[in-house]
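By convention in this document, chain letters (A, B, ...) are assigned in the order of the sequence lines, proteins followed by strands, and residues within each chain are numbered from 1. The figures that follow rest on heavy atoms only: side chains count, while hydrogens, waters and symmetry mates do not.
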There are 2 protein chains.
Amino acid sequence: MATIDDVARLAGVSASTVSYAMSGKRPISAATRARIDRAVQELGFTPHAGARALATARTMVIGLFVQFLASEFPPAMLQYVLPIADAAREAGYDILMLTEEDGPAALRRVGSTGMVDGFILLNVVDRDPRLAELRRLHQPAALVGLPADTEGLSVVDLDFAAAARLVVDRLHADGHRSTVLITPSTEVIAMGGAYAWRFRDAFLGRAAEHGIRVRTHAGATIQPELGEQLGGILDDLGDATSLVVHNDAQIAALPSLLSARGIEVPRDLSVISLFSEEFGRLFSLPFTSIETGPDRLGRHAVASLLAQIDGADDAGGVSFVAPALVERGSVAPPSR
Amino acid sequence: MATIDDVARLAGVSASTVSYAMSGKRPISAATRARIDRAVQELGFTPHAGARALATARTMVIGLFVQFLASEFPPAMLQYVLPIADAAREAGYDILMLTEEDGPAALRRVGSTGMVDGFILLNVVDRDPRLAELRRLHQPAALVGLPADTEGLSVVDLDFAAAARLVVDRLHADGHRSTVLITPSTEVIAMGGAYAWRFRDAFLGRAAEHGIRVRTHAGATIQPELGEQLGGILDDLGDATSLVVHNDAQIAALPSLLSARGIEVPRDLSVISLFSEEFGRLFSLPFTSIETGPDRLGRHAVASLLAQIDGADDAGGVSFVAPALVERGSVAPPSR
DNA sequence: CTGAAAGCGCTTACAG
DNA sequence: CTGAAAGCGCTTACAG
């Protein structure tokens, strides 16, 4: 690999001039610039990332911490990762991906060795063990998912309470008086996935206001429990005329269970859920839903992180992204 | 952040002694070591990754190139990424994740700036545009997926020809005389996904040996085309008593289409496919299948890459991993 | 068993 | 408009 000294020698200038020519941080005469450009071309020179990081204290890399909660649905995570990688790249950053079990140790290792300029943490939970280490590190960071203590952290998440109200209001508008709500699994709730209870509690509150009866089930995430549970719910709807599914694995499995039972949506049952457009396409889900917008959340996190890295000192605080309801025709007035 | 000089000062030794104490590359007296350890603890010292990379010409990072072929099924990719990340980590390496559209440019940027010690390329296709750049870079690399020209490359992939023979032999053993084969999409074939035709051609060859009739369809990957096509195939099986699905999206959609039609497996139709145990669990697939073993392939790629990085000069060549058939009871003698 | 020094390849004040 | 030099924080021959 050619070094900046090789370029300097070939162009007949000093290394510093090469550096300035490439960064554009000071004026260079046209003739010199031409010679430098030619030398750079000829040698195929690109600055060594490590040397540059050492000199500038900037790596142009961000650490992306993916996290698979026990009993969460893996494909959902990918929807966040790709938009984040794209947004980072557009800003000139690469992505160091952290996937370890031991989150705090990984943060410490990568943070304290200066491998990255900042972190994005996905799927942050209520009392996330990574946060203590993150605070100690004093590095820029953006979180996706709401922890219990947001002091000094930059957090973005969907406004699940608003989402719940949208859903209840939608059912109420069509005259539903009774519904079944399937929440994320008990494991997710135990791990502290705040989105679970933020949605559920707001849902129950709004339903009470409208006088809508709600039966709640914490949804299983793996087979065969999932199929048995969801099948049982479908077989015993009671007076419920609608089903609200806040659980990726369950909504993905729903179409086949519905069709096995000959239940037609929305004629026999109204269904409403939460998922991204992409997720819905992947699993062919014909259901009206809250768009969870992982791309929007991911890009928001990147923007927030880069602002901090660029010293905007924008500790950010908590941003709740407003949800939107996407009609797909699976909600209609009840026939019973 | 504390530096090695801070530690040296606090411990009353030289920086080089600190370095040697930490690397264990030369004997250090117990007393000195104790003082150094204490100083390291006290200051929370960790060596700066950039400085170390500059001094050693080693980054302890590997570049992982994920690649989503048009009309491939995204969740399948994740199964490779996680085991690779785990295996890398176990060996002390972190993962720089590349996801860009422009593969060659990404390789050049990361490779020529010395950000990584080597690359793993996923989903390599027949005439992969990344390979020219990879050869120019002269960096260690391991590929998952078979390109047309493997000269000088280290490649690992499932032995799809052997897999096809296993499948045909399994059908033949139960007396099937006619089958339908759904292959990856035409887009995958056009992009050069060699696994598509390696499986198909071996399948047709073996079927001919056994005198088994085969009707072949290139499977659509997105809805609603997928459902219409697969539904049409199920509605018009002709004399086919078995269905072989080499297409992630189609096999994921199959259970719901079968149940909608009241087709019972294996009573009415034998089904056999290719997917990983994890993929099968995710989509609740009750089908006998070739285990595609993404974790094994991923770990193999990491091992091969690390051997090259450690100068084993093991250009590797092509390794085909032997497939295994996992019985799940979806193949039985035909009733017709 | 330990230290002083060179060197890895950049960037950026300091000088002119 | 350009150059010489210091410095970023390590590792590792070279010396003792």
Side-chain angles (χ1 to χ4, degrees), chain A residues 1-40 43-61 92 109-117, chain B residues 1-40 43-61 92 94 109-117 311:
Chain A
M1 266 182 19
T3 71
I4 199 171
D5 283 320
D6 298 330
V7 175
R9 209 169 305 125
L10 184 58
V13 297
S14 73
S16 62
T17 301
V18 175
S19 177
Y20 283 119
M22 296 193 71
S23 69
K25 288 191 181 175
R26 74 180 187 193
I28 304 286
S29 77
T32 314
R33 175 176 296 282
R35 290 212 312 285
I36 291 174
D37 286 350
R38 180 134 23 81
V40 166
L43 298 174
F45 169 71
T46 30
H48 182 96
R52 176 175 273 178
L54 189 55
T56 61
R58 279 286 202 99
T59 62
M60 300 308 282
V61 175
R109 172 170 49 79
V110 171
S112 64
T113 56
M115 296 182 80
V116 302
D117 295 336
Chain B
M1 264 179 24
T3 72
I4 199 171
D5 284 320
D6 298 330
V7 174
R9 210 169 303 124
L10 184 57
V13 297
S14 74
S16 62
T17 301
V18 174
S19 177
Y20 283 119
M22 296 192 73
S23 69
K25 288 191 181 174
R26 77 180 183 191
I28 304 287
S29 75
T32 316
R33 177 177 295 282
R35 290 213 312 284
I36 291 174
D37 286 349
R38 181 135 20 85
V40 166
L43 297 173
F45 169 70
T46 31
H48 182 97
R52 175 175 273 178
L54 189 55
T56 61
R58 280 286 202 98
T59 63
M60 300 307 283
V61 175
D94 276 296
R109 171 170 49 79
V110 171
S112 65
T113 57
M115 295 181 81
V116 302
D117 295 335

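- At a non-hydrogen distance threshold of 4.0 Å, Leu54(A), Ala55(A) from residues 48-56 of chain A come into contact with DNA chain D.
- Reading DNA chain D from its 5' end, the first and the last nucleotide to sit under 4.0 Å from a heavy atom of chain B are dG9(D) to dC14(D).
- Atom CE of Met60(B) is separated from atom OG1 of Thr113(A) by 11.5 Å, given to the nearest 0.5 angstrom.
- Heavy atoms only, all atoms of each residue included: Ala15(B) and Ile4(B) are closest at O-CD1, 3.6 Å.
- Across every non-hydrogen atom of Arg26(A) and Ser16(A), the tightest pair is NH2-OG, 4.4 Å.
- In terms of heavy-atom proximity, Met115(A) sits nearest to Val61(B) at CE-CG2, 3.5 Å.
- Residue pairs that meet the salt bridge (charged side-chain N to carboxylate O under 4.0 Å, His left out) test with at least one member in residues 7-25 of chain B, sequence neighbours left out, are Asp6(B)-Arg9(B).
- The shortest heavy-atom contact between Val7(A) and Ile36(A) is CG1-O, 4.3 Å.
- Near DNA chain D, defined here as any heavy-atom distance below 4.0 Å, the residues from residues 15-26 of chain B are Ser16(B), Ser19(B), Tyr20(B), Lys25(B), Arg26(B), listed numerically.
- For the atom pair Met22(A) CE and Asp37(A) CG, the distance stands at 8.5 Å (nearest 0.5 Å).
- Closest non-hydrogen pair, Ala39(A) versus Ala11(A), comes out as CB-CB, 4.0 Å.
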Counting only pairs under 3.5 Å, give me each side-chain donor-acceptor contact of residues 45-58 of chain A, with atom names and distances, residues two or more places apart or in other chains.
| unit_1 | atom_1 | unit_2 | atom_2 | d |
| --- | --- | --- | --- | --- |
| Thr46(A) | OG1 | Ser112(B) | O | 3.0 |
| Thr46(A) | OG1 | Ser112(B) | OG | 2.9 |
| Thr56(A) | OG1 | Arg52(A) | O | 2.7 |
| Thr56(A) | OG1 | Arg58(A) | N | 3.2 |
| Thr56(A) | OG1 | Arg58(A) | O | 3.3 |
| Arg58(A) | NH1 | Tyr93(A) | OH | 3.2 |
| Arg58(A) | NH2 | Asp310(A) | OD1 | 3.3 |

Each base of DNA chain D marked ( ) or [ ] if paired in-strand (Watson-Crick or G-U under 3.5 Å), | if paired to another strand and . if unpaired gives |||.||||||||.|||
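- The nearest heavy atom of DNA chain C to Thr3(A) and to Gly12(B) marks one nucleotide each, and the one closer to the 5' end goes with Gly12(B).
- Nearest heavy atoms, Val13(B) versus Arg35(B): CG1-NH2, 3.6 Å.
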